Every structure is written in structure tokens, then in C-alpha cells.
Amino acid sequence: MTFASLRRGYQVIRTLLHYGLDDVLPPTLLPGYFKLLRLCLFWVRNRHKDKCGGERLKLAMQELGPVYIKFGQMLSTRRDLLSDEWAQELSMLQDRVPAFDSALAREAIEAELKAPIDSLFDDFDDTPLASASISQVHTATLKSNGQQVVLKVLRPNVEANIKADLELMLQVATWVNRLLGEGNRLRPVEVVEDYQNTILGELNLKLEALNATKLRNNFLDSDALYIPYVYEELCHPRLMVMERIDGIPVSDIEALNAQGTNLKLLAERGVELFFTQVFRDNFFHADMHPGNIFISREHPENPFYIGLDCGIMGSLNEEDKRYLAENFLAFFNRDYHRIAQLYVESGWVSADTDILAFEQAVKLVCEPMFNKPLNEISFGHVLLELFRTARRFDIVVQPQLVLLEKTLLYIEGLGRQLYPQLDLWQTAKPFLERWMAEQVGPKAIFKKVQTNLPFWSDKLPEFPELIYDNLKLGRKLLGSQQQMLDRYLKYQQKAHKSNFLLITSAVLLICGTILFAQTDTLWLASACLGSGALVWGAGWRSRPKNRKF
Ligand SMILES: Nc1ncnc2c1ncn2[C@@H]1O[C@H](COP(=O)(O)OP(=O)(O)OP(=O)(O)O)[C@@H](O)[C@H]1O
């Protein structure tokens, strides 16, 4: 451990204590001398006792900087771990931080481009358009085509700072894990590792550029989503250059209303977008917080979304997708037994789970949801409650499903904010049913045949040859098996004959020995012993020698 990380560790603990977060830990977790240590080492006074635990954690994370802010935001989506109150507080963490010096931004951009900014761009604006925890965004005009672009550049030293903070977090998580004991519900190491994977992915802007291009291509013909064009040839791990968009932030409902945006259509398109990304493309934007979503200004009667920041993308495998769709359908059909079965079949809970007990638990959490009108039921909450229940049955946490649940909650929140009467089920049901029919019905078989057709048409000309080769091989195999069988039968015959002779010789020899004791039958004894010896010789000679067939 370096001096810098010790100092950071001290700073982190001091901040957490400053906000009185030691209060929320069970006293059994803290050593007896902790109070004394707190007084001597950390000397903290302001206890923020009037604020609730969630708010105190939010303030502490805000003070600790970007890595902790993002960690708090990620934690806020783990409602299976935190209470609603804590999650709500953490979800309010703001990611806007003071800008860094534009001279440093210029330096970093030129280092990536290996060329002066002025050789490629006009009107580079030194005042950033936005400054977030990981990057800063500047506007400019591309010399080659006169298009307005934005340059997103990583903060100086951000990688080193994040890695140092992550290291510390992992150490603390390991320590907490040890205190709580193996098998604890919180699994802090798992949580930090999950976060680590996400944030490290966000540090590579080249990857983000590739994601953005892929998503853009998936929705090129869509009237629901637009992703700005990315100039991939100008993108590098620490720099991304893309088309500048002009939209209304999705959270600015007043502005949307002022231009007469069709909010109902917009809300429905949001749900449709989610299901299309997950089920059709298997590639979904997993960081859909309001800061990353804008709404088009033109044609307010036919509005579309503009998506930014494709740093975190999710995907599910074919099986997970099917189980998920079936889960929703089973939920809305109130088929709790099917839900329990699906969790086991998918491997999300272990195979030895007591299905009946699990079904009861699922029923217990799901049934009250139907006390609400159908249009108030949230898919995100259904998933959340199901995962929470499954956690008691030792669910194997699937990071891709957690991402999905978080995205779903965002989308639903957004949809309901735009159009509170939005009936999620009515919007999503046709989509899910159509998709399921495509997966299991005749269409699915047709699709599979269609997918495999190029392979088979490739192989078709080789068919006669393949059949001939296989028949030849079969005959050869059969022939060699027949020979093996013959050899085995011969061996058995020889073995039987030899055993018979040896047993007969043994009987003759025993009889000869008994008769030898009675002097009046000496000739008979000699005959028995003599023939016994002869038969033994014959038996010994006829014994099979080779056991290999
Ligand atoms: N192509 C663009 N056109 C116009 N504005 C943009 C564009 N890209 C980014 N911005 C502005 O910059 C802000 C930050 O961009 P972005 O979200 O991509 O950065 P970030 O560092 O990944 O932030 P976050 O912390 O939200 O992940 C956006 O909210 C938006 O206001």
C-alpha cells in the first residue's frame, strides 16, 4: 500500500465518519476500541444527525468525488440490496463537476490526434459544453465538411485516480465481507467488482464510439431513436468526436409541452425502444438516465429520442431473453408456478430449490401488485421483486439482468413522467407475445431453417459423396466388429474346453489319490492318476493364449 492510497483511505473513512455513517453499521461489526480510534485519529464533529442514513451517504459520496458518485449511482439501482429510501437518495447524486482547464483538454486532444486541433477543426470552444466525472465535452466545427461536432475527452489522470479508488474500495469490501461472514446477503466484493467492470469499460472512448455506431446502425430506419454520427477515424481511447445534436433534455417537460410534443407517442416509443433493443437486437443502452436522453425539436407531433453516451451497453443471451419474456407473460397471467419453474430452468436459482416454497414466495410478492390497476404496474418493479425473492433462495446474481432491470426502471420512470397514464402492459404485451410466437411457433422453425440454409446449401453438392463415404465407413466398421466378435467367440470356446479338461483332470487325480490308499484297488488308482495327468496336459495345452480381440 502506497502513502497516497493510505492518505486516500484516511480521507474516505474520515468523510464517512463525518456524515455519521458508522451509526448505520451494526455495533457488533465495530471493534470495542473503535470509538476511541474515531476520537483520536479522525476527530470528527459534524454528525448530520438530523438527516436520514441515505441522505448522509449521498452527501458523503458527493464529497468523495467522481468514482464514489458513480458508485452511488450504481448502488441506487441495486434495490435488491438497499431499501427504497436509500436507493431513492442515491439516485439523486449529480454527476456534474467543475470543469478542468481547457489548456489541458487541448493538450489531451492533440496528443490523441497527433495533430494540432486547428489543423482539423475550426472554432474550438474553450468553454466546455459539459463537464462530467469522467470526461469533458467541447464543441468545434469539422474542417473537412463544416459539420458541428463535439469532442469528448477524458479528464487528466482519470484512469489512475479511478484505479486507485477502486483498489481501496475492493480492500474495504473484502474487509467488510470478512466482518459479515461468508454467505452474507450484501456480497460487497461482488458489488464492487461489478462496478469495476462497468466503470473501467467507460474509460475507453474508442469502445464507446464503436457501441454508438452499432446502436446507430440498428436504428438507422427508426422513427423512434437517433444516435449522432460518430467520426470513428478521429476516435481514440481518450477522445471521441461525434456530430453535435440539438435537442430538448427529456427531463424538461415544460419545454416539451411548450413546443407541443406528442408525449403519449413519445412515452410509448420509449417502451417500444426498450423491447426492440433487448429482444430484437440484443444490444441495449444501459445508461439511460435523463442526462443522456434528448428529444428532437422538429416535428413535435412525431417526436423521436436522441441517445448519447453509449459507454455502458448490455446484452442477454438467447435463453435469458426467452426466460425473461416468459417471466413477464407468466406474471401477467398470474402463473406463479411457471415463474418459479422458469427461475430454476434458467439456472438463475439452483436446481435443488424447493419449487413449491419458491412459488409461494413469488405469489406473496406478486399478488398484491394486482391490487393496482394494470396500467400502474411496473415491469421494473416486477423484476425487482422477483429478484429480491429469488435472493432469499440464493439466486446466482446475473450482472446482465441487473443492468436490464435498471434500464427498465429508467425507461418506465421516464415513460410515466412524460405521460402518466401510460399503460406499460398494453404497450409491451403485443411485442412480447409476437416475439414469443416467433421463438417457439412454426415461425421459429422456419427462421432456424432459414438461418441454417446457407450452411446446408453449401454442403448439398457434397451429399452423395458424404453418403457414399459414410456407407463405406459403416461397412468397414461392421466388418471389423464382426471379426472381433468371431475372435471373442473362439476365445470363449477354447476357454470352456480347457476349463472342462482341467476340472476333469482334477477329479481324476483326487479319485486316484483316494484309491491309492486302499491297496486292493491299486490298478484302478494308477489308471485314474495316469489318465488324470494326461487330461491335465491336454487341458493345459488347449487353454486360450491371446486375450486381445
Ligand atoms: N453529441 C452531442 N451533442 C450535443 N451535446 C452533447 C453531445 N454529447 C454530449 N453532449 C453534452 O455533454 C453532456 C455529457 O456527455 P456524456 O453524457 O456523453 O458524458 P459522460 O462523461 O459520459 O457523462 P456521464 O457522467 O453522464 O456518463 C451531455 O449531457 C450533453 O449535454
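Starting from 1, each residue takes its place in the sequence as its number. Every number for a ligand or one of its atoms is a count from 1 in the order of the listing. Since we're looking at a predicted model, the values are computed, not measured.
No salt bridge links Arg238 with Glu112; every basic N to acidic carboxylate O contact stays at or beyond 4.0 Å. Under a 4.0 Å N-O distance rule, the pair Asp309/Lys152 qualifies as a salt bridge. For the pair Glu159 and Lys163, the salt-bridge criterion is not met [side-chain N within less than 4.0 Å of a carboxylate O]. One finds a salt bridge joining Lys264 and Glu268 here, because a Lys/Arg side-chain nitrogen approaches an Asp/Glu carboxylate oxygen to under 4.0 Å.
Proximity of Val150 to ligand 1, defined as any heavy-atom pair under 4.0 Å, is confined to the side chain (atoms from C-beta onward). In Ser135, the parts holding a heavy atom less than 4.0 Å from any atom of ligand 1 are both the side chain and the backbone. Here Tyr229 has no heavy atoms under 4.0 Å from ligand 1, in either its backbone or its side chain. Only side-chain heavy atoms of Asn292 come within less than 4.0 Å of ligand 1; its backbone N, CA, C and O stay farther off.
Taking every heavy atom of Val137 and a limit of under 4.0 angstrom, the matching atoms of ligand 1 come to 12 (O), 15 (O). Near Ala132, meaning under 4.0 Å from any of its heavy atoms, are these atoms of ligand 1: 20 (P), 21 (O), 23 (O), 25 (O). Close approach to Leu308 involves these atoms of ligand 1, each under 4.0 Å from a residue heavy atom: 1 (N), 2 (C), 6 (C), 7 (C), 8 (N), 9 (C), 10 (N), 30 (C).
At under 3.5 Å, a nitrogen or oxygen of Lys152, whether backbone or side chain, sits near a nitrogen or oxygen of ligand 1. For ligand 1, the polar-atom distance check against Phe294 finds no nitrogen or oxygen pair separated by under 3.5 Å.
A distance-only check finds a donor-acceptor pair linking the side chain of Thr261 to the backbone of Leu256 [under 3.5 Å].
Contact analysis puts Glu243 in contact with ligand 1, with a non-hydrogen atom separation below 4.0 angstrom. The shell of residues lying under 4.0 angstrom from ligand 1, judged by heavy atoms, includes Gly291.
Judged by a 6.0 Å distance limit and a 45° cone about the ring axis, Arg106 is not positioned over the six-membered ring of Phe121.
Under the rule for a salt bridge (charged side-chain N to carboxylate O under 4.0 Å, His left out), the partners of Lys70 that lie at least two apart in sequence or sit in another chain are Asp95, Glu202.
Using a 3.5 Å distance cut-off with no hydrogens or angles, the side chains of Arg8 and Gln11 do pair a donor with an acceptor.
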